Amino acid sequence: MANFKPYFLIFVTIFHFNLIRCDRQVSVSWNPDCSDSRCKEPNENGSYINLVYVKLKGQDDVVHLMYSNIQSFTIMLFKTSKNAKLSINWEDLLSQNSTLMRDSISFNEKPVDFGGYEVPSIFEFIDYNGTADMRKSNETYTYLTREFCWKKFVSNESESFGVMEAFIPGINGSFKFLINYPGKEKRIKILPHLLLKPESTSIEFQIDSIAPRSEFSKFGTNIIFLTDSIDISISSKRTIDDEYTPGTFRLWNAEILDGGKKSRNYLQWKPIFYFSDPKSLENSTITQQYDSRTNDQESNGLGQVFYDNEVLFSSMNISFGLEGNIKDGYYYKQSNFSSWAFSVGLGGAPDEKMSPIVTLVIFVGFGLPALAIVIGLLVMLVKKIRGTSQYNTL
């Protein structure tokens, strides 16, 4: 045992070093290098311009994240070499002219890869029949994120966390985007405990105290895939482990694929949302995922900066609510709160890892009995061989 100890310590040291090596250095800036007064003060409606730039510096490259409310809520992701420098022409970016906005954000070298996601719309649909299906509602109202008024971005740099909060003048309540950008592999502390890679970020979307139009109201959202790829794979995976997200055994991935069917970037979520805070299994229910639509939407946000004006992007909808009547199914008015989380990142989506506790339970429940059976069979076999050998000697 003493001889084994040095090798064990070497293994632990190498494993720990590899984890540290994968971590990225995080830096955050708000409206970087903008001298325009519009970047510093709210407009006449009390709305701030927010372009949050997160730089995740690794050993060999840099991942750039941008969160923006310029004309629509957008998340952009880039990977570049360590020497790439960001440049923003703020006058063109804030012009609200798609022609001038084109290329107003750029790097001094071509990114290795990039992509983005836009949340242009929030839907409120009246579910009189309790189907929890937006497509079957004859009464739907749309809140456009480009029409929101936004508070100034608030960050907690020590936790690599920030909040972008929006409101509608004259209406109580708010829409919040809670952002995590740790720059390392990490499981988010709060439910649904999404697993992040060093090249990814998570966004928790909250609808908080917005007065519904009906007691039968439910909400949903629209997500645009900002990509030049036409190959988008949307799939779900089952798992036997629900320790991290109690009651949820499925994980959804929407992956943007290249010509070789390799994932360039991804959107990942669990089909669950929460209707009260703090979150728990008791105050959660399922989401509804709808089929993606190909090349059906324009970008109102940063997609105008990085893609031609005539480009149409694919999109999908997700709604929050359980099928059932007013007593059995979830309706927004029951709590006036909905929270749904998703993550986006470069490369392939992370797979859920079986927790050590579940692994131990499986080993104890199945491994030990199987091992006992094998040992028993070996003992019987040895005894039979010995008995046969003694018989032959006689």
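Quick caveat: nothing in here was measured; it's all calculated off a predicted structure.
- For Ser229, there are no side chain to side chain donor-acceptor pair (under 3.5 Å) partners, not counting sequence neighbours.
- Summarising the geometry of Ser72 relative to Thr145, their closest heavy-atom pair is OG-OG1, 3.2 Å, with the distance given to 0.1 Å.
- Donor-acceptor pairing under 3.5 Å is lacking for the side chains of Ser214 and Tyr128.
- Stacking of Arg213 on the aromatic ring of Tyr141 is recorded, both the 6.0 Å distance cut-off and the 45° axial limit being met.
- Residues forming a ring-ring contact (aromatic ring centres under 6.0 Å, His included) with Tyr266 (at least two apart in sequence, or on another chain): none.
- Defined by atom type and a distance below 3.5 Å, a donor-acceptor pair is missing between the side-chain atoms of Asn69 and Tyr48.
- Scored by the salt bridge (Lys or Arg N to Asp or Glu O under 4.0 Å) test, Glu255 finds no partners at all (sequence neighbours excluded).
- Listed by chain and residue number, nothing satisfies the salt bridge (Lys or Arg N to Asp or Glu O under 4.0 Å) test with Lys85 (two or more places apart in sequence, or in another chain).
- Under 3.5 Å, the side chains of Ser233 and Asp231 contain no donor-acceptor pair of N or O atoms.
- Residues in residues 106-119 take part in these salt bridge (charged side-chain N to carboxylate O under 4.0 Å, His left out) pairs, two or more places apart or across chains: Asp113-Arg264.
- Pairing each heavy atom of Ser47 with each of Cys149, the nearest pair is OG-CA, 3.5 Å.
- Among residues two or more places apart in sequence or in another chain, the ring-ring contact (aromatic ring centres under 6.0 Å, His included) test is passed with Phe175 by Tyr143, Phe148.
- Partners of Trp252 according to the ring-ring contact (aromatic ring centres under 6.0 Å, His included) rule, which considers only residues two or more places apart in sequence or in another chain, are Trp269.
- Here salt bridge (charged side-chain N to carboxylate O under 4.0 Å, His left out) pairs that include residues 273-292, with residues two or more places apart or in two chains, are Glu204-Lys279, Asp277-Lys279.
- Think of Leu86 as one node in a network of Ile, Leu, Val, Met, Phe, Trp and Tyr side chains linked at under 4.5 Å; its network also takes in Ile49, Leu51, Tyr53, Met66, Ile70, Met76, Phe78, Ile88, Trp90, Leu93, Leu94, Met101, Ile105, Phe107, Phe114, Ile224, Leu226, Leu302, Val305, Phe306, Tyr307, Val311, Phe313.
- For the pair Tyr181 and Tyr67, the minimum side-chain heavy-atom distance is below 4.5 Å.
- The disulfide (SG to SG under 2.5 Å) contacts involving residues 35-69 comprise Cys34-Cys39, where partners must be two or more places apart or lie in separate chains.
- Listed by chain and number, the residues in a salt bridge (Lys or Arg N to Asp or Glu O under 4.0 Å) with Arg146 amount to none (sequence neighbours excluded).
- Taking Asp258 as the reference, nothing meets the salt bridge (Lys or Arg N to Asp or Glu O under 4.0 Å) condition, with sequence neighbours excluded.
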